[in-house]
Asker: 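This is the structure I want to talk about, given as structure tokens.
All residue numbers refer to positions in the sequence shown, counting from 1.
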Amino acid sequence: MRIELTLQDLTRVRLAPEADPLAELVSSLQILQRSDDGTALFNRWRHRVRLGLAESASVLLWLCRPYAPIPAFLVPDTEEGGLAAGLDEIGRTDPVCLKTALQDHPVNRELPAWAASLPDGDAAGLPKLVQALQDYFELSLAPVWEPARAQVDADRGMRARLLVHDGVDAVMTSLRPLVRWVCPVLEIGDGIIGSCDAGGAGLTLSPTYFAVSPVIVPAAGEAPVRLLYPAARQATPATGDGRDLRRTPDAALADLLGPTRAATLAVLAAGCSTSEVAARLGVTPSAASKHTTVLRRAGLITTERDRNAVLHSLTPLGSALLEA
């Protein structure tokens, strides 16, 4: 999927103001239906949630299939924010918007009648959908919401500094290698063929804990296009039940690599330049360059040049070491 941003769109690129419960919810439904190596981080969480799923969850799994577009009405752009405001907005979805969002969804003969009529624009089933979303959130996300939100907040802080000091191009570039950015075109490798028009409404970047690859949520009405991207993993990710019973990766990595190189590896989970590494660690650019050189020789990071900046990102081995 690709988006070509106009000049007006580029002036309206912003970060989501906080962790979005509904963005996390729809992304987690996709994670729940995957079993590939890329989602192994969520194995314990996935096992716990599958054991407790209500019957109504079958509708949610149908709506949020992996490797398929997310229906825009499920991730409304509300001024108030929060789960309650988002669910209220879903409950008020216009029948025309409902029909448009679901027109390409596959037919599922096993759905309950109230859900089977949603693609026809029948809004009568929306209250039951809202209740199903609420029940699923309480089961799957509420137990891990605080640590998940902390991860998202940390990513937002880092991207916000980039946006303020270096502009839109730097923020977009920092999303590599998950996102391909060649101004003014943004492209993600989600397997979905096609393009999405921002329509001058801009683009909202939403760091998402329950994600392993980016997802584009098309614009709905006057709302901007949403890019849900995996939040950079910090040193102490949440376990499937909201507890962390392990020794913290910070200490373990410090034992293995030394404290500064361990911190460097953690910083590079988000992908950034040598100068950004230096700024975040409080070291000189030359010292940051030496640390990244060692990590690159060890096969833990890759480095590429983008114009005047040298950009670093984790290799699969580096990611595995950070999550271990």
Asker: Search all heavy atoms of Leu300 against all heavy atoms of Leu265 and return the closest pair with its distance.
Answerer: CB-CD1, 4.1 Å
Asker: With no hydrogens and no angle check, just 3.5 Å: does a side-chain donor-acceptor pair link Ser174 and Arg159?
Answerer: yes
Asker: State whether a side-chain donor-acceptor pair under 3.5 Å links Thr6 with Asp9.
Answerer: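 There is such a pair (donor and acceptor under 3.5 Å, judged by atom type) between the side chains of Thr6 and Asp9.
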Asker: Can Thr39 and Arg46 be counted as having a side-chain donor-acceptor contact under 3.5 angstrom?
Answerer: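 There is such a pair (donor and acceptor under 3.5 Å, judged by atom type) between the side chains of Thr39 and Arg46.
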Asker: Could you go step by step and tell me if Leu98 and Phe73 meet the side-chain contact (heavy atoms from CB on, under 4.5 Å) rule?
Answerer: CA-CA 7 Å; Leu98 186 63; Phe73 77 94; 3.6 Å; yes
Asker: Verify whether one side chain among Asp135 and Gln131 offers a donor that lies under 3.5 Å from an acceptor in the other.
Answerer: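 Yes, Gln131 and Asp135 have a side-chain donor paired with an acceptor closer than 3.5 Å.
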Asker: Specify the closest pair of heavy atoms between Asp155 and Pro230, including all atoms of both residues, with the distance to one decimal.
Answerer: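 Residues Asp155 and Pro230, closest heavy atoms: OD2-O, 4.4 Å.
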Asker: Going only through I, L, V, M, F, W and Y residues with side-chain contacts under 4.5 Å, is there a path from Ile301 to Val294?
Answerer: no
Asker: Relative to the ring of Trp45, is the ring of Phe210 parallel (under 30°), tilted (30 to 60°) or perpendicular (over 60°)?
Answerer: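 Ring orientation of Phe210 relative to Trp45: tilted.
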Asker: Side-chain donor-acceptor pair under 3.5 Å between Thr274 and His312, yes or no?
Answerer: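 Thr274 vs His312: donor-acceptor pair found between side chains.
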Asker: Can you name the one residue among Leu205, Val215, Ile216, Thr208 that meets side-chain contact (heavy atoms from CB on, under 4.5 Å) with Tyr229?
Answerer: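 With Tyr229 as partner, side-chain contact (heavy atoms from CB on, under 4.5 Å) holds for just one option, Leu205.
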Asker: Write down the atom of Ser206, the atom of Ala16, and the distance for their closest heavy-atom approach.
Answerer: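 Of all heavy-atom pairs spanning Ser206 and Ala16, the closest is OG-CB, 3.5 Å.
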Asker: Any non-hydrogen side-chain atom of Leu228 less than 4.5 Å from a side-chain atom of Asp20?
Answerer: no
Asker: Does any N or O in the side chain of Glu187 come within less than 3.5 Å of the main-chain N or O of Arg180, such that one atom is a donor and the other an acceptor?
Answerer: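 Absent.
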Asker: May I ask you to check whether Ser27 and Tyr209 show a side-chain donor-acceptor distance below 3.5 Å?
Answerer: no
Asker: Are Arg226 and Thr204 close enough that a side-chain donor and a side-chain acceptor fall under 3.5 Å?
Answerer: no
Asker: Would you please say whether a donor-acceptor pair under 3.5 Å links the side chains of Asp122 and Trp114?
Answerer: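 Checked: Asp122/Trp114 side chains show no N/O donor-acceptor pair below 3.5 Å.
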Asker: Is there a path of hydrophobic side-chain contacts, each under 4.5 Å between heavy atoms of I, L, V, M, F, W or Y residues, that connects Leu295 with Leu317?
Answerer: yes
Asker: Hey, could you give me the CG/SG distance between Leu74 and Cys64, rounded to the nearest 0.5 Å?
Answerer: 5.0 Å
Asker: Checking side-chain contact (heavy atoms from CB on, under 4.5 Å) against Trp181, which of Ile188, Leu175, Thr173 comes through?
Answerer: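 Of Ile188, Leu175, Thr173, side-chain contact (heavy atoms from CB on, under 4.5 Å) with Trp181 is met by Thr173 alone.
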